[in-house]
Protein chains: 2
Amino acid sequence: MAAELLAASTTGTAIFGRSRALRPTGKVLPEHARTHNRALVLQTLYSAGPQSRADVARETGLTRVTISDLVADLMAEGLVIELGQREDARPGKPATLIDVDRAAFHIIGVDLSEHEVFRGAVVGLDGQIIDRDEVARDGATGEAAVLLAEVLVERLLARTSTPVLGIGIGSPGVVDPRGVVRSAPNLGWSDVALQDRVAARFALPVHVGNDANVGVLAEHGSSDHDDLLLVKIGHGVGAGLIICGRPVIGSGFAAGEIGHVVVGTDGGPRCACGKDGCLETWLAEPRLTARLAAVDGQGDAAASARDDILREAGRRLGIVLAPVVGALNLSEVVLSGPAQLLDGPLHEAAVDTLRKRTMAEFNRDLRLRMSEQAEDIVLRGAAVMVLSGQLGVT
Amino acid sequence: MAAELLAASTTGTAIFGRSRALRPTGKVLPEHARTHNRALVLQTLYSAGPQSRADVARETGLTRVTISDLVADLMAEGLVIELGQREDARPGKPATLIDVDRAAFHIIGVDLSEHEVFRGAVVGLDGQIIDRDEVARDGATGEAAVLLAEVLVERLLARTSTPVLGIGIGSPGVVDPRGVVRSAPNLGWSDVALQDRVAARFALPVHVGNDANVGVLAEHGSSDHDDLLLVKIGHGVGAGLIICGRPVIGSGFAAGEIGHVVVGTDGGPRCACGKDGCLETWLAEPRLTARLAAVDGQGDAAASARDDILREAGRRLGIVLAPVVGALNLSEVVLSGPAQLLDGPLHEAAVDTLRKRTMAEFNRDLRLRMSEQAEDIVLRGAAVMVLSGQLGVT
DNA sequence: TCACGTTTGTTAGTAAACCTTACGAACAAA
DNA sequence: TTTGTTCGTAAGGTTTACTAACAAACGTGA
């Protein structure tokens, strides 16, 4: 055994981790620490609002000196402003309040996920929608769709005279971290370098993500939880996932693509993808409305039939979510989409199914709720993406 | 609208992120950067084996000067040693090879997840099992089980004269990040502060984790992928999950507890938890072996009946995994447990089911394979946990 | 009223970390 | 022997955040 150890000590390489790509995290220089602390100050101000340098120092654990230094940098960049002295009467020298200059920048948010229309907005740093615009899609695909998106951005940029921090775009399909839309069948896109194209045209920072992955960022902002699943139901069904506060991309950048997962063991409607009983065949808006329309006008039986259809859809959603909730031990799942469809029997059935199919002991404080962001979820998520990418504010 | 902006700029706090706990990441001081870079050097040496300081510098991006400085520290601590000059003939001054001192430390790994026995091992830094020991459980629960585990650790410590880097323990049940076993029904544990107790008794660093969550660390070491799901089938069924190279704990520390997720929409055997058709009722070893024993001795029909049983179990596994694989876009799923049950029809059926229930386009390079770690997966995973916790080597 | 304590933000100096530049040692190849 | 290369170290500079100290500005209470 001694010989074995000796051999290991002279020629051995690790058995653990031998083949993996090296350096999961790179070197860290003092300047990186500085960048991090700068973002920390910004984050503190952004979340907690106006306060003194001393307050920030206490909150972050850095010293007043360091905070003053960092704040001076941030003020020079126009990101932070002084608001004058604090008014409440306390002993000691009056504090000078500082805050993120919330009026200094606007963000352009774009949502390409709807079937009929590309929607966009000028968004404030706090997430307020300041102005909106949209362009009808008219079935545009390929290059035409790219140009249409650019037209929308151009029109939005014309609607604000405030400096723009960046452009955030939520696109359907699979989007890689460099903002290349690898595949978006609805728009006829494959390997469209949307981020590069838009950035080149407008000379602004651009961030692109999958619509559901972007949407979950907006939801994360108004949630207490750091583990969060958003199910976005529209023309298709997609999901966005945040785990430990970090967005999940997936090994093939296709995290959240649950629309074509088969539900249950009793078949189901034929899907466009060729399989039977995909989640989309139960939940996608066109399918649901068609099914509801079919039973409408059945007189008294209509209401009950509607409920049955919606309840069954909710049950199917619960069936798919149960393994995900169990495996990730999620505490919060959010539903986004047309409220008249989702909020009611569908929602109730999903909650009920989820409870019946998971272990109550582990998922006691699980919440499945409707989104409060309504139709702006992707727009606001896109803004959060820019905020996070440009300022490090999460 | 101008008034709205002004208001936001003077009194506003962020709508995004207003209620979330502050400071997801704390301040970073230069010394933290140093610690990080130290771990980076260690990681580089550990993964790539003996090399010169200049090699490490090139690999990490730090300068030779800094590497020399960091290596001096590491050598002073006994973690790194010089191995003499490189032998191959090259121009220039011959390099002095350095490496992690792989014989300097041993690790104690303990696996409490088996029903009949607590197993443990002395593990080398490279993951070699150097010596083993075990204690029969004899149905011990509660305090007796804790003492039994301590006896095992004591006996293992007596079997090595090399300094011990730390003790890693894989326990069944829900384990929180502080090493408190919140709940482990099989061992009759609830809120047992295992980490503190063992650390206090042996005065060594101790890390405790759920068995499957620990097991996936071992599997991660020998895998190329940074997203990985381990399904561990034994007396129960559990999973361990790594996403973006980071272990997932879950909001209630119960990530991976998929044993009691209901499978399919056609009922199933009654489970101890009260539900019908939990994953465990299809896959847990006792259930499977009992079902196989029931058809044994049916002559010619036995082989075919066995296959059917195993295939059905595999299918059920595939059904549960499909939504998880879809939502996370996983590229690798690993099966661990008794090979005579898992490796064969069960495995095949699981792969088949998974392919049929997910979107081929997104999960093209998905692999579902058997673990190669056999019964040592938790022991070795526990060692990785210590390695990671003490040295920052992943 | 006035001394005292408190709080804020700044100045000055220090320690830590990494960098660049430079150099000697040791080797291969021409 | 000369030349060019590579390695490891030494010296000095820059960045970063810290501690210590202080002035300014404010309540409080004798």
Side-chain angles (χ1 to χ4, degrees), chain A residues 23 25-42 44-45 50-76 80-99 392, chain B residues 23 25-42 44-45 48 50-77 80-99 392:
Chain A
R23 235 178 330 140
T25 58
K27 63 177 174 180
V28 172
L29 303 179
E31 70 199 78
H32 299 142
R34 175 94 173 171
T35 306
H36 178 100
N37 289 334
R38 209 188 76 111
L40 180 61
V41 170
L42 220 44
T44 303
L45 288 173
Q51 57 198 297
S52 71
R53 292 169 173 85
D55 292 332
V56 177
R58 278 185 291 266
E59 187 70 38
T60 59
L62 294 162
T63 62
R64 292 200 306 270
V65 181
T66 303
I67 295 299
S68 284
D69 196 37
L70 288 167
V71 166
D73 278 13
L74 291 168
M75 286 177 62
V80 166
I81 46 169
E82 292 193 335
L83 300 176
Q85 292 199 343
R86 177 177 273 149
E87 303 210 343
D88 56 347
R90 305 197 289 185
K93 174 178 172 179
T96 311
L97 294 177
I98 54 173
D99 192 13
Chain B
R23 236 179 327 142
T25 59
K27 63 177 174 179
V28 171
L29 305 180
E31 69 199 78
H32 298 145
R34 176 89 173 175
T35 305
H36 178 101
N37 288 335
R38 211 189 74 111
L40 180 59
V41 170
L42 220 45
T44 304
L45 288 173
Q51 57 197 298
S52 71
R53 291 170 174 85
D55 292 332
V56 177
R58 277 185 291 266
E59 188 69 38
T60 59
L62 294 162
T63 61
R64 293 200 305 272
V65 181
T66 302
I67 295 300
S68 284
D69 196 36
L70 288 166
V71 166
D73 278 11
L74 291 168
M75 286 178 62
E77 294 173 48
V80 166
I81 47 170
E82 291 193 334
L83 300 176
Q85 292 198 343
R86 178 178 272 151
E87 302 208 345
D88 57 346
R90 305 199 287 186
K93 175 178 171 179
T96 310
L97 293 178
I98 55 173
D99 193 13

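In what follows, chains are A, B, ... by sequence order, proteins preceding strands, each numbered from 1. In this text, all values refer to a predicted model and were calculated from it rather than measured experimentally.
Which of D:dG4, C:dG9, D:dT9 sits closest to the side chain of B:S68 comes down to D:dT9. Of the candidate nucleotides C:dC27, D:dT9, C:dG9, C:dG9 has the atom lying nearest to any side-chain atom of A:A54. The side chain of B:E31 lies closest to C:dA17, out of D:dG8, D:dA25, C:dA17. Listed candidates were C:dC18, C:dG9, C:dC19. Nearest to the side chain of A:P30 is C:dC18. Comparing atom distances between the B:T63 side chain and each of C:dT8, D:dA17, C:dC19 picks out C:dC19 as nearest. Closest contact between the side chain of A:R53 and the listed nucleotides C:dT10, C:dC18, D:dA17 involves C:dT10. In the set D:dA10, C:dA17, D:dC7, the nucleotide with an atom closest to the side chain of B:V65 is D:dA10.
For DNA chain C, runs of at least 3 consecutive pairs of the Watson-Crick or G-U wobble type, with both hydrogen-bonding distances under 3.5 angstrom, map to C:1-30 with D:1-30.
No salt bridge links A:E31 with A:R38; every basic N to acidic carboxylate O contact stays at or beyond 4.0 Å. Remark: A:E82 engages A:R53 in a salt bridge, criterion side-chain N to carboxylate O under 4.0 Å. Using a cutoff of 4.0 Å between basic side-chain nitrogens and carboxylate oxygens, A:D69 and A:R34 are scored as salt-bridged.
Taking CD of B:E59 as the start and OG of B:S52 as the end, the distance is 11.0 Å to the nearest 0.5 Å.
At whole-Å resolution of the value, CG in A:D69 and C1' in D:dA17 are 9 Å apart. The separation between B:L70 atom CG and C:dA17 atom P is 9 Å, rounded to whole Å. Going from atom CD of B:E87 over to atom P of C:dA28 covers 13 Å, rounded to whole Å. Protein atom CD1 of B:I67 is 16 Å distant from nucleotide atom C1' of D:dT6, rounded to whole Å. Distance CZ (A:R64) to C1' (D:dA23): 13 Å, rounded to an integer number of Å. Atom CZ of A:R58 and atom C1' of C:dT7 are 8 Å apart (whole Å). One interatomic measurement links the two molecules: CD of B:Q85 to P of C:dA25, which rounds to 15 Å at whole-angstrom precision. The separation between B:R90 atom CZ and D:dG8 atom P is 10 Å, rounded to whole Å.
Regarding contacts with the backbone of C:dT8, every side-chain N or O of A:T96 stays at 4.0 angstrom or more from both OP1 and OP2. For the OP1/OP2 pair of C:dA16 and a distance below 4.0 Å, the side-chain nitrogens and oxygens of B:R34 include no atom meeting the criterion.
Distance alone, capped at 3.5 Å, is enough to place a donor-acceptor pair between the A:H36 side chain and the B:G26 backbone. Judged by distance alone, the side chain of A:K27 and the main-chain N or O of B:T60 form no donor-acceptor pair under 3.5 Å.
Place A:L29 and A:L97 on DNA chain C by their nearest nucleotides, and A:L97 ends up nearer the 5' end. The residue among B:D55 and A:N37 whose nearest nucleotide of DNA chain D is located toward the 5' end is B:D55.
Closest approach of A:L97 and A:P50 over heavy atoms only: CD2-C, 4.4 Å.
In summary, of the residues considered (A:L62, A:N37, A:D55, A:T44), a side-chain contact (heavy atoms from CB on, under 4.5 Å) with A:I67 occurs for A:L62 alone.
Heavy atoms of A:L62 sit under 4.0 angstrom from primed sugar atoms or phosphate atoms, though from no base atom.
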